[in-house]
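Below: one structure, written as structure tokens.
Numbers here simply count residues along the sequence, with the first being 1.
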Amino acid sequence: MSFISFNLHPQITAGVKALGYDTPTPVQREAIPPVLQGHDVMALAQTGTGKTAAFVLPILDRLMKGPRRGVRALVIAPTRELSEQICEAIRSLGRQTGLRSTTVYGGVSMNLQIQKLRAGVEIVVACPGRLLDHIGQGTINLSQMEVLVLDEADRMFDMGFLPDIRKIIRHVPAKRQTLLFSATMPDDIRSLVQEVLHAPVIVQIGHTAPADTVCHALYPVNQHLKTALLIELLHHTDTESVLIFTRTKHRAKRVGQQLEKAGYRAASLQGNLSQNKRQEALDGFRDGSYQILVATDIAARGIDVSSISHVINYDMPDTADAYTHRIGRTGRAAKTGDAFTFIVREDEDIVRSIERVLGEKVERRTLDGFDYKKSAPVRDTEFARPPRTPQRMRQQRTSGAPIRTRQGARQPAAVRKPFRSSVHSS
Ligand code: AMP
């Protein structure tokens, strides 16, 4: 199957060709036809599957006909980074269409956004909070909106945006096409679908397991040795771009600094950065000036850098779904990638859930020549204990007792395997 069979407007097909897409991905194959026919669509698709083009292409096709200068399509996304990426995809795929798009999110000047909206755009990609500000101040006119997209709905729910989404929906025309994309389908999203979509066509791309172009490995290690292991692992591995996840903003910043000190071109991306700094880190990662980006889950949401060869979970995520989201950043669109996860004792339960989702046991590796027995430095308290998780904090509140970790406890037995450097197609 090729993109020709969708019979898209020639100026849109030209955009597809310019991006080098030959064959539609499964979610594009399944979702584009019903969206073109005007149906509401609910698609269960994780990041990295080509879901953005699955809604962008039919929207561009629809907007080629009809009036210009009014907002006719509204895409709502959870983070500024994802909004920018979607807007970038719209601009690249629609480069020959003359259709205009802009982003609307907080943390940057509202006036500039007002100017762009006033100048006339057909597509707005927005984060919920700032969009509501514009609606409240009457600086956006959504009366001509025909298509509403809710992207990464499950993440918007996780971030507490559901009430905002409901408010926004009260301000858009009832007669519209609604498309909802989500990697998972918790009950709250299911009920949102019932409320806001009309007789939706359901597109489900198999499962929520990570793409099978990713090779997974676990590295059991004591908490205080994670940074040393990370540096040693990077030293022995053939990588392109590397995305590292930590659980907290502070750890992201700190690990980024430690990697820089070790001579790597590394930056961190976390919520405490100004919008300029975030953009600078992202752009640098995208253009290769930073080889390594250390990020928290929320900051990294939707990062789309095609050459990510390795995702390294410095800290294990809280759920198997979060693991899937993180790993979705590598092995994208038929490339291969590696996912390395550092695990401590407390992570064994979540490892089992991940193995259930993957349907197989994940290989445990040890790095030859690395001193796993080194004791914790006396003063480095932050990195000698696991970060506080909601569960640990709850436990602490209910018991009233401080939570202690077993410093220097022996790590679980690991299958000893010689370390192999990974080879990737690019
Ligand atoms: P997404 O899931 O939308 O974030 O897309 C993941 C990556 O796949 C992006 O880098 C897209 O540019 C790329 N992509 C999307 N569709 C295709 C396609 N049909 N062929 C090749 N790459 C694609």
(request) Using side-chain contact (heavy atoms from CB on, under 4.5 Å) as the criterion, list what pairs up with Ala228, not counting sequence neighbours. (result) Phe370
(message) Could you tell me if Tyr290 and Glu260 have a donor-acceptor pair between their side chains, going purely by distance under 3.5 Å?
(response) no
(message) Taking salt bridge (Lys or Arg N to Asp or Glu O under 4.0 Å) as the definition, give me every residue that meets it alongside Asp22, ordered by chain and number, with sequence neighbours left out.
(response) none
(request) Scan for ring-ring contact (aromatic ring centres under 6.0 Å, His included) pairs involving residues 98-141, sequence neighbours excluded, and state none if there are none. (result) none
(request) Keeping the roles fixed (side chain from Thr178, backbone from Leu148), state whether a donor-acceptor pair exists under 3.5 Å. (result) no
(message) So that I can tick it off, tell me whether Glu81 and Arg286 are bridged by a salt bridge, with the cut-off set at under 4.0 angstrom between side-chain N and carboxylate O.
(response) no
(message) Can you list everything that forms a salt bridge (Lys or Arg N to Asp or Glu O under 4.0 Å) with Arg326? Sequence neighbours excluded, please.
(response) Asp297
(request) Could you tell me which residues satisfy salt bridge (Lys or Arg N to Asp or Glu O under 4.0 Å) with Arg29, sequence neighbours excluded, listed by chain and number? (result) none
(message) I'd like to know if the side chain of Glu355 and the backbone of Val362 have a donor-acceptor N/O pair within less than 3.5 Å.
(response) yes
(message) Show every salt bridge (Lys or Arg N to Asp or Glu O under 4.0 Å) that has at least one partner inside residues 55-64, sequence neighbours left out.
(response) Arg62-Glu146
(message) Please enumerate all residues that pass side chain to side chain donor-acceptor pair (under 3.5 Å) together with Ser109, with sequence neighbours excluded.
(response) none
(request) Enumerate the residue pairs fulfilling ring-ring contact (aromatic ring centres under 6.0 Å, His included) with a member in residues 43-93, sequence neighbours excluded, ordered by first and then second residue. (result) Phe55-Phe181
Validation: residues 2-9 side-chain donor-acceptor distances under 3.5 Å, sequence neighbours left out:
from, atom 1, to, atom 2, distance (Å)
Ser2, OG, Ile4, N, 3.1
Ser5, OG, Ser2, O, 2.8
His9, ND1, Gln11, N, 3.1

(request) State which residues pass salt bridge (Lys or Arg N to Asp or Glu O under 4.0 Å) with Arg352; sequence neighbours excluded, sorted by chain then number. (result) Asp349
(request) Could you list all the salt bridge (Lys or Arg N to Asp or Glu O under 4.0 Å) pairs where at least one residue sits in residues 116-127, not counting sequence neighbours? (result) Arg100-Glu122
Distance-only donor-acceptor hits, side chain of residues 157-169, under 3.5 Å, sequence neighbours excluded:
from, atom 1, to, atom 2, distance (Å)
Arg166, NE, Glu195, OE1, 2.8
Arg166, NE, Glu195, OE2, 3.3
Arg166, NH2, Glu195, OE2, 2.7

